[in-house]
Amino acid sequence: MYNKVITLTEFILKEERRFKKATGSFTLLLTQIENAAKIIASHIKKTGLVDIIGQTGKKNVYQEEVQKLDEFSDRLLIDMVSESGQAHAVASEEVEKPIYIKKNSGKYSVFFDPLDGSSNISVNITMGTIFSIYHKAADLKQPGDKQVAAGYIIYGTSVMFVYSAGAGVNGFTLDPSIGAFILSHPNIQIPAKGRIYTINEGYWNLYDQSLKNYLSSIKKEEKPYKTRYAACMVADVHRILFQGGIFMYPSDSKHPQGKLRLMYEVNPMAFLIREAGGLATSNGNDPLKIKPLSLDQRVPIALGSKEEIEKYLKYNS
Ligand code: AHG
Ligand code: MN
Ligand code: MN
């Protein structure tokens, strides 16, 4: 029997055709990100076999340890996006300064967290890639509301590509036998509530009282919540997107701005969650409306199911 499958490329092309002025540029750009993701996925699978794991001994611009697979993913994504000819600038969490691509005047700027959750490399646990795309502008520091598209790739038990170009969120699963991402989760909607909370509660003593009050309150509810924490934003947000609940990386007394980067991690995820019918908040403010002060700015974040964020905001705004 013939079953019609929709590939990611076909889907992106159809999405782009909705715009009268479409030139195929957006499709080319996303296809290069898709190709890079497939290569990263194949390398991740081999980490136990080849000498690509382990630390390089270097630290990234944020003084965090860089691991080899981080560097590999970073270089690959920068190269492939540059070669697509569709971007005028690429900025990556791992690189101090954005790269302006002079040889062409592509229409888009692209932001990456090339490997999210990279501390999971050595223990064979899920990682991801996050991307965020804007129209070319003189200043790269645009608010998240201006994103043209955003998404992530999750390297889990299977590889998924989840993205939105502002008309809903769709998920594609890599079929390794044909090497293509196939539409598997059309029009993803986040449940309006969910009993999962995800936060690094090991930092409890550093949290402010209002956050402690909120966390204590959900623990006292008749029907208990479940804690889940993968130490990989992509994995943790992916779970919340499908099962509902709340993801938090708040400020604490040692990190007043939290840990996650507005442009590389928070805005793409907040965009997706909003497109899926959920909410995101940075201490009561819409993160997508923040005008970034720098490309590497960090902000506290809570995002997830609408009702869970509303509950959280009763304590934290
Ligand atoms: P990255 O690997 O890109 O540096 O990101 C790791 C981030 C994020 O994915 C995760 O939510 C968070 O760090 C975990 O931090 P803690 O170890 O402080 O909980
Ligand atoms: Mn990250
Ligand atoms: Mn990273």
Side-chain angles (χ1 to χ4, degrees), residues 116-117 119-120 123 125-128 130 151-152 154 156-158 160 162 164 168-171 173 184-253 255 258-260 265-266 268-288 299-317:
D116 175 64
S119 69
N120 288 352
V123 280
I125 296 175
T126 302
M127 285 171 282
I130 308 174
Y152 63 80
I154 180 166
T157 43
S158 54
M160 273 185 79
V162 178
S164 173
V169 183
N170 292 281
T173 303
S184 52
H185 298 77
N187 193 22
I188 300 165
Q189 297 285 317
I190 183 170
K193 50 186 175 181
R195 299 206 157 253
I196 295 172
Y197 75 103
T198 179
I199 185 170
N200 189 337
E201 239 178 346
Y203 301 144
W204 177 269
N205 280 336
L206 307 178
Y207 292 152
D208 65 27
Q209 197 52 48
S210 51
L211 181 61
K212 288 182 184 169
N213 290 345
Y214 162 73
L215 291 168
S216 301
S217 81
I218 60 170
K219 286 179 192 171
K220 286 182 200 140
E221 287 192 23
E222 211 173 307
K223 200 169 164 218
Y225 276 66
K226 287 177 196 284
T227 318
R228 294 287 184 264
Y229 198 70
C232 166
M233 186 193 198
V234 168
D236 286 319
V237 173
H238 184 76
R239 188 200 306 276
I240 297 298
L241 179 62
F242 282 90
Q243 299 184 335
I246 179 168
F247 167 90
M248 290 160 276
Y249 205 110
S251 40
D252 63 49
S253 55
H255 311 94
K259 177 181 187 188
L260 300 176
E265 292 163 319
V266 169
M269 292 312 212
F271 182 84
L272 285 176
I273 290 291
R274 187 182 69 181
E275 279 294 319
L279 287 177
T281 179
S282 180
N283 287 350
N285 299 311
D286 181 350
L288 296 169
V299 292
I301 185 68
L303 52 78
S305 297
K306 187 171 172 289
E307 290 181 29
E308 302 304 330
I309 298 297
E310 283 165 357
K311 204 185 274 183
Y312 164 92
L313 282 171
K314 284 188 190 148
Y315 293 84
N316 306 280
S317 57

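Small disclaimer: the values here were computed from a predicted structure and weren't measured.
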S.K.: Please name the pair of heavy atoms, one in Val169 and one in Ser164, separated by the smallest distance, quoted to 0.1 Å.
M.R.: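 Heavy atoms only, the tightest pair is CG2-CB, 4.1 Å.
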S.K.: Would you confirm whether Ser282, through its side chain, and Pro300, through its main-chain N or O, come within 3.5 Å as a donor-acceptor pair?
M.R.: yes
S.K.: Would you check if the side chain of Asp252 reaches a backbone N or O of Tyr207 as a donor-acceptor pair within less than 3.5 Å?
M.R.: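 No; judged by distance alone, with no hydrogens or angles, the pair does not exist.
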S.K.: Can you tell me if Asn120 uses its side chain to pair, donor with acceptor, with the backbone of Met127 under 3.5 Å?
M.R.: no
S.K.: Backbone N or O of Gly194 within a donor-acceptor pair of the Gln243 side chain at under 3.5 Å?
M.R.: no
S.K.: Going by heavy atoms in the side chains, are Thr198 and Arg239 under 4.5 Å from each other?
M.R.: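 No, too far: nothing below the 4.5 Å cut-off.
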S.K.: Check this for me, if you would: do Lys306 and Glu310 make a salt bridge, where the nitrogen-to-carboxylate-oxygen distance has to be below 4.0 angstrom?
M.R.: yes
S.K.: In the structure I gave you, are the side-chain heavy atoms of Tyr203 and Lys259 within less than 4.5 Å of one another anywhere?
M.R.: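 Answer no - side chains too far apart.
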S.K.: On a heavy-atom basis, which atom in Asn187 and which in Asn170 lie closest, and how many Å separate them?
M.R.: N-OD1, 2.7 Å
S.K.: What closest approach, in Å, do Met233 and Val266 show between heavy atoms, and which atom pair accounts for it?
M.R.: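 So the two residues come closest at CE-CA, 4.4 Å.
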S.K.: Can you tell me how far the OG atom of Ser217 sits from the OH atom of Tyr312, to the nearest 0.5 Å?
M.R.: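 It is 12.0 Å, given to the nearest 0.5 Å.
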S.K.: Quick one: CZ on Arg228 to OH on Tyr197, what's the gap to the nearest 0.5 Å?
M.R.: 10.5 Å
S.K.: What distance do Leu260 atom CG and Asp116 atom CG have between them, rounded to the nearest 0.5 Å?
M.R.: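 Going from the CG atom of Leu260 to the CG atom of Asp116 covers 8.0 Å.
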S.K.: On a heavy-atom basis, which atom in Gly304 and which in Ile190 lie closest, and how many Å separate them?
M.R.: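 Looks like C-CD1, 3.5 Å.
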S.K.: In Å and rounded to the nearest 0.5 Å, what is the CG to OG distance from Leu206 to Ser251?
M.R.: 11.0 Å
S.K.: Tell me every residue that passes side chain to side chain donor-acceptor pair (under 3.5 Å) with Thr173, counting only those two or more places apart in sequence or in another chain.
M.R.: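 Only Ser184 meet the side chain to side chain donor-acceptor pair (under 3.5 Å) criterion with Thr173.
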S.K.: Should Tyr152 and Leu272 count as side-chain neighbours, where that means a heavy-atom distance under 4.5 Å?
M.R.: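 Contact flag for Tyr152/Leu272 side chains = yes.
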S.K.: Hey, could you give me the CZ/CD1 distance between Phe247 and Ile240, rounded to the nearest 0.5 Å?
M.R.: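 Phe247 atom CZ to Ile240 atom CD1 measures 9.0 Å (nearest 0.5 Å).
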S.K.: Can you sort out the partners of His185 under ring pair (Phe, Tyr, Trp, His ring centres under 6.0 Å), two or more places apart, ordered by chain and number?
M.R.: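 Checked His185 against ring pair (Phe, Tyr, Trp, His ring centres under 6.0 Å); matches are Phe242.
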S.K.: Which atom pair, heavy atoms only, marks the closest approach of Leu241 to Pro191?
M.R.: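 Result for this residue pair: O-CD, 3.6 Å.
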S.K.: Just wondering, do Cys232 and Ile125 contact through their side chains at under 4.5 Å, heavy atoms?
M.R.: no
S.K.: Can you find a pair of side-chain heavy atoms, one from Leu215 and one from Met248, that are under 4.5 Å apart?
M.R.: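 Heavy-atom side-chain distance check passes, below 4.5 Å.
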S.K.: Return the minimal non-hydrogen interatomic distance between Val123 and Ser119, and the atom names on each side.
M.R.: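 Distance-wise, the nearest heavy atoms are CG2-O, 4.2 Å.
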S.K.: Pairs in or reaching into residues 211-221: which pass salt bridge (Lys or Arg N to Asp or Glu O under 4.0 Å), with residues at least two apart or in two chains?
M.R.: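 Applying salt bridge (Lys or Arg N to Asp or Glu O under 4.0 Å) to every pair that reaches into residues 211-221, excluding sequence neighbours, yields Arg195-Glu221, Glu201-Lys219, Glu221-Lys311.
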S.K.: Taking the side chain as everything from C-beta on, heavy atoms only, tell me whether Ile154 gets closer than 4.5 Å to Thr126.
M.R.: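 Sidechains of Thr126 and Ile154: in contact.
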S.K.: Could you go step by step and tell me if Val234 and Glu265 meet the side-chain contact (heavy atoms from CB on, under 4.5 Å) rule?
M.R.: CA-CA 9 Å; Val234 168; Glu265 292 163 319; over 6 Å; no
S.K.: Would you compute the distance between atom CG of Leu313 and atom CD of Glu308 and round it to the nearest 0.5 angstrom?
M.R.: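 Separation between the atoms: 11.5 Å.
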S.K.: Taking the side chain as C-beta and beyond, is there a heavy-atom pair between Ile246 and Ile309 under 4.5 Å?
M.R.: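 Ile246 vs Ile309: side chains touch.
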S.K.: Under a 4.5 Å cut-off applied to non-hydrogen side-chain atoms, are Ile199 and Leu211 in contact?
M.R.: yes
